[in-house]
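Heads up, the thing below is written out as structure tokens.
Just so you know, these numbers come straight off a predicted model, no measurement behind them. Numbering of ligands and ligand atoms starts at 1, following listing order.
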Amino acid sequence: KMTEAVENFSLKDVLADFKSCLGNDNQAVLMDYYLSGWKGLVKFMNSLGTIFTFVSKDAVAKIQIMEGYRNSAESDKYISLQSMVAYELAAKLVDLEKRSDHPNSGCRTILRLHRALRWLQLFLDRLKTSTAESKTSTMCTNAYNESLSNYHPWIIRKTATVAFCALPNRDAFFDVMNVGTSDEVMAMLNEAMPYVAEVYEITQQLYAQHNLLDLP
Ligand code: 1PX
């Protein structure tokens, strides 16, 4: 019943985007690869079942906001996260105190995805060190409680926690990833996760340096 697009889809390709987004000098985080990586994650999440569409819907909305900037007259200002921050701050396009004139700045939109990337990193790290008996729902909940949940109101936390219980088990999860045997999944995660971590760290430093970590 799965479409061809889903069948050919591998988490390996998704994580490769996070390597590509570091470019050649490992300094800038390139927007198009960053968004492409996110689109792949969304596709992966949607293949887990309709219950997760409430999560992917928000990610999709944020990806679309960013693609809007990339398709605008200001496109070149959004070539990297670094150029975006420089441009939006200089042009006063970021709401710093409360959402008002610029409710959907690139800076605040990317910050939401950035926080979610931390969840992904923690979750995949747990998966990497898990055993056949480990429960995906527990790994997912723990990763969430250590990261993203701190930015979510009670009602979202509650809904997310309920959704996590519907996660497929570890074997089914590995199947959906389309990477191969569980040994191959482990090898892929070992090879790809340092790049996700690097993207996270560079973004975190950029935001810290400009005092943007609490954007409303
Ligand atoms: C092998 C594993 C791959 C799994 C890939 C899944 C990646 C999913 C990433 C989740 C993306 C969620 C983006 C959330 C951004 C956010 O925090 N938005 C909130 C704030 O936005 P606002 O504009 O209002 O300031 C917004 O309120 C979000 C609401 C949606 C609910 C978010 C629940 C987060 C759960 C994250 C874990 C997903 C578990 C998927 C199962 C694998």
Considering heavy atoms of the protein only, find what lies nearest to [atom] and give residue, atom and distance to 0.1 Å.
atom                    : value
atom 30 (C) of ligand 1 : F54 O, 3.9 Å
atom 20 (C) of ligand 1 : R112 CG, 4.0 Å
atom 36 (C) of ligand 1 : L148 CD2, 3.9 Å
atom 13 (C) of ligand 1 : A116 CB, 3.9 Å
atom 17 (O) of ligand 1 : H152 NE2, 2.8 Å
atom 41 (C) of ligand 1 : L167 CD2, 3.6 Å
atom 8 (C) of ligand 1  : M45 SD, 3.3 Å
atom 27 (O) of ligand 1 : I156 CD1, 3.6 Å

* Asked: Is it true that the side chains of Y200 and Q204 contain a donor and an acceptor less than 3.5 Å apart?
  ->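 Side chains of Y200 and Q204: pair found under 3.5 Å.
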
* Asked: Polar-atom distance check: R99 versus ligand 1, any N or O pair below 3.5 Å?
  ->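 No, there is no polar N/O contact under 3.5 Å.
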
* Do ligand 1 and W119 have nitrogen or oxygen atoms that lie under 3.5 Å from each other? ->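 Min N/O separation from ligand 1 is not below 3.5 Å for W119.
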
* **ligand 1 versus R108: contacting region, heavy-atom distance under 4.0 Å** =>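 The part of R108 near ligand 1 is the side chain, not the backbone.
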
* Asked: Side chain or backbone of L120 under 4.0 Å from ligand 1, or both, or neither, by non-hydrogen atoms?
  ->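 For L120, only side-chain atoms sit under 4.0 Å from ligand 1.
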
* To do: Look at the aromatic rings of W119 and F164 and report parallel, tilted or perpendicular, splitting at 30° and 60°.
  =>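 W119 vs F164 ring planes: parallel.
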
* **Geometric class of the W38/Y34 ring pair [parallel <30°, tilted 30-60°, perpendicular >60°]** =>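 Aromatic pair Y34/W38 classed tilted.
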
So is [X] close enough to ligand 1, meaning a heavy atom under 4.0 angstrom away?
X    : answer
K62  : yes
Y151 : no
W38  : yes
T159 : no

* **CG (N104) with more than 12 external heavy atoms under 6.0 Å** =>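 More than 12 heavy atoms, drawn from other residues, nucleotides or ligands, come within 6.0 Å of this atom.
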
* For K128, does the NZ atom have more than 12 heavy-atom neighbours from other residues, nucleotides or ligands under 6.0 Å away? ->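 Enclosed: over 12 neighbouring heavy atoms sit under 6.0 Å from NZ of K128.
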
* Asked: Hey, does T53 have a side-chain heavy atom less than 4.5 Å from the side chain of N46?
  ->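 Of all side-chain heavy-atom pairs linking T53 with N46, at least one is under 4.5 Å.
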
Taking [atom] as the point of reference, which of [options] owns the nearest heavy atom?
atom                    : options             : result
atom 16 (C) of ligand 1 : T109, L15, D58      : D58
atom 42 (C) of ligand 1 : N46, V55, L48, L111 : L48
atom 35 (C) of ligand 1 : F164, F52, F123     : F164

* Asked: Does Y33 have its ring centroid less than 6.0 Å away from the ring centroid of Y195?
  ->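 No: the rings miss the under 6.0 Å criterion.
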
